[in-house]
Protein chains: 2
Amino acid sequence: MNVEEIIKTSKEIPLEPRTLIHMQLVHNKINETMNSALKPFEVSLQQFNVLRILRGQKGQPANLSTLNERMVTKMSNTTRLVDKLLIKGFVDRAVCPSNRRKVEIVITESGLKALEQMDASLEKAHEEIYQNFNTEDLEKLNELLDKF
Amino acid sequence: MNVEEIIKTSKEIPLEPRTLIHMQLVHNKINETMNSALKPFEVSLQQFNVLRILRGQKGQPANLSTLNERMVTKMSNTTRLVDKLLIKGFVDRAVCPSNRRKVEIVITESGLKALEQMDASLEKAHEEIYQNFNTEDLEKLNELLDKF
DNA sequence: CACATACATTTGTATATACAAATATTGTTT
DNA sequence: AAACAATATTTGTATATACAAATGTATGTG
C-alpha cells in the first residue's frame, strides 16, 4: 500500500499526518474486506461483534449494557442493533426476572450455526489481509499500536 | 492501550483477530481526538479533508471526481459534502465553462483562514495522539502498515 | 411510605453514509 | 444529424449512527 499513490499526491507528507492517513486507509481496507466476508450472511460487523460476545457468554444471557461495554466500537444504540439480530432469529430477548429494567439476550442455535459459518468466512479474510505479514511483524505491530 | 482490558475479556485473543480489533480501537481513538479538535469549527473530518485538497490545488479549481479520487475515505456523495462547505462559505462552486457537466470548486479566503486555524488545532491533536511515539516508532509503524 | 435519585433501556430526531436511479452534457458512430 | 454510449453530477431512498429526551424500574432517605 502506497499512501501517496492512493490519495494521488506528488509531494511527500510529514510523518505524523502521514501515519494518520495511513491508519485510515488500512482501516478502510480491512473494513471493506471484512464486510464483504460477512455480506453473504447479511450481518454488519457490529452485529457479528454482538454475536461473538454472546457466544462468549456460554449460555449465560447478556444485557445491553454488558454488550455495549464489550463492543469494540461503542454504539449509542444497542437496542436497535439487537432488534436486527432478533428479526434474523440469531438471538432471543427476554425481560430479566430479577431486575425488570434489564433485558437478557442470548444467542440462539441458529445464531451459533450462522456464526460458525461467519468464522470460516472471516478466516479467509484474514488470509487475504495478512498475506504479507509474518508472526514477528504482527507482534511488532501490536506493540506499536499499544503506544496509542 | 490494552486490548483485553478495553473490550473486557479475560481470555487471550489469537494474534490475527487481535490485530484487527487493535486497529479498530486505535482508529476509534484517533477519530475521536481529531473530531473533537475539529468540533469548534463545526466541520467533519471529511469536510476538513476536502478543504485540504482544495488548498493543495493552489487556486486551481477541482471538480467532484478529482475530489473523490483524492479523498482518504471515498464517499458516495461528494455533492452533499460540498453543499455543506458551501453553506459555511468555505468554498465556491461554479459550472465549468469548457465542459458544462463538470463543476469547479475552489476554496474561499474565509475557507483558507478557517483551515489555518484547524491546522493549529490538529497540531495539538497530534501531540496528544503521538505522545508515546518517537520518530523511529512512527517509521516502523508506517513500514508495517505498508504490508496491508 | 412518599420522594428524589440512579439505573437500564427505548424512542425520537437529526445527520451521515451507501447504493441505485435519474438528469444533463459531451463524444462517437453510422 | 439522429442514435447511442460515455461522463459528471445530482437526487431519491434506505440504512446507519450520534445525541438527547422519555419511559419504566429499582433503591435509598427522611
Side-chain angles (χ1 to χ4, degrees), chain A residues 8 24 27-29 31-36 38-39 41-51 53-54 61-88 91-106, chain B residues 8 24 27-29 31-36 38-39 41-51 53-54 61-88 91-106:
Chain A
K8 320 261 192 242
Q24 180 76 57
H27 173 259
N28 293 158
K29 188 176 177 184
N31 238 260
E32 234 171 79
T33 309
M34 295 193 62
N35 269 318
S36 67
L38 290 175
K39 193 147 206 177
F41 309 99
E42 306 232 38
V43 295
S44 67
L45 252 168
Q46 299 273 34
Q47 291 176 33
F48 171 70
N49 196 205
V50 169
L51 289 177
I53 293 169
L54 290 174
N63 54 43
L64 287 179
S65 12
T66 309
L67 284 182
N68 212 17
E69 196 177 72
R70 301 202 183 158
M71 261 190 267
V72 181
T73 301
K74 267 62 183 164
M75 279 246 314
S76 42
N77 210 325
T78 316
T79 302
R80 285 185 270 231
L81 191 55
V82 170
D83 282 346
K84 274 157 215 153
L85 292 171
L86 206 65
I87 291 168
K88 296 187 185 93
V91 302
D92 273 338
R93 172 161 59 182
V95 174
C96 173
S98 67
N99 186 341
R100 283 169 38 224
R101 285 174 299 186
K102 297 186 181 180
V103 291
E104 293 186 330
I105 300 145
V106 290
Chain B
K8 320 262 191 242
Q24 179 76 57
H27 173 259
N28 292 159
K29 189 175 176 184
N31 238 260
E32 236 170 77
T33 309
M34 297 194 61
N35 269 319
S36 68
L38 290 175
K39 193 149 206 176
F41 309 100
E42 305 232 39
V43 294
S44 65
L45 252 166
Q46 298 274 32
Q47 290 176 34
F48 171 71
N49 196 206
V50 168
L51 289 177
I53 293 169
L54 289 173
N63 55 43
L64 286 179
S65 9
T66 309
L67 284 182
N68 211 17
E69 193 176 74
R70 300 203 184 158
M71 263 190 267
V72 180
T73 302
K74 266 61 182 165
M75 280 245 314
S76 42
N77 208 326
T78 316
T79 303
R80 286 186 269 231
L81 191 54
V82 170
D83 282 346
K84 275 158 213 153
L85 293 170
L86 205 66
I87 291 168
K88 296 186 185 96
V91 303
D92 274 339
R93 173 162 57 181
V95 174
C96 173
S98 67
N99 184 341
R100 284 169 38 224
R101 284 173 300 186
K102 296 186 182 180
V103 290
E104 293 185 331
I105 300 146
V106 288

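Every chain is numbered from 1, with letters handed out A, B, ... down the list of sequences. The structure displayed is predicted, hence computed values, not measured ones.
Atoms CG and CG, from Leu38(B) and Leu51(B) in turn, are 9.5 Å apart once rounded to the nearest 0.5 Å. Summarising the geometry, atom CD belonging to Glu69(A) is positioned 10.5 Å from atom CE belonging to Met71(A); distances are rounded to the nearest 0.5 Å.
Among residues two or more places apart in sequence or in another chain, the side chain to side chain donor-acceptor pair (under 3.5 Å) test is passed with Asp92(B) by none. Every residue two or more places apart in sequence or in another chain that forms a side chain to side chain donor-acceptor pair (under 3.5 Å) with Arg101(A) is listed here: Asn99(A).
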Stepwise, does the side chain to side chain contact (heavy atoms under 4.5 Å, CB included) test hold for Leu67(A) with Leu54(A)?
CA-CA 8 Å; Leu67(A) 284 182; Leu54(A) 290 174; 4.0 Å; yes

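The span of DNA chain D lying next to chain A, judged by atoms under 4.0 Å from heavy atoms, is bounded 5' to 3' by dA16(D) to dA26(D).
Among Asn63(B), Ile53(B), Leu64(B), the one residue that satisfies the side chain to side chain contact (heavy atoms under 4.5 Å, CB included) test with Ile105(B) is Leu64(B).
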Which pairs would a plain distance check flag for residues 41-48 of chain B, meaning a side-chain donor or acceptor within less than 3.5 Å of a matching protein atom at least two apart in sequence or in another chain?
from     : atom 1 : to       : atom 2 : distance (Å)
Ser44(B) : OG     : Gln47(B) : N      : 3.2
Gln47(B) : OE1    : Lys88(B) : NZ     : 2.8

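Mapping Gln47(A) and Glu104(B) onto DNA chain D by nearest heavy atom places Glu104(B) at the nucleotide closer to the 5' end.
Of all the residues in residues 74-87 of chain A, Asn77(A), Thr79(A), Arg80(A) reach under 4.0 Å from DNA chain C with at least one non-hydrogen atom.
In this structure, Val50(A) and Met75(A) have side chains that are not in contact, with every pair of non-hydrogen atoms separated by 4.5 Å or more. Annotation: side chain of Gln24(B) is in contact with side chain of His27(A) (closest heavy-atom distance under 4.5 Å).
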For nucleotides 22-27 of chain C, read 5' to 3', which letter fits each nucleotide if B means a protein heavy atom sits under 4.0 Å from the base, S means only the sugar-phosphate is that close, and - means neither?
---BS-

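Remark: the Ser65(A) side chain and the Asn68(A) side chain contain no N/O donor-acceptor pair separated by less than 3.5 Å.
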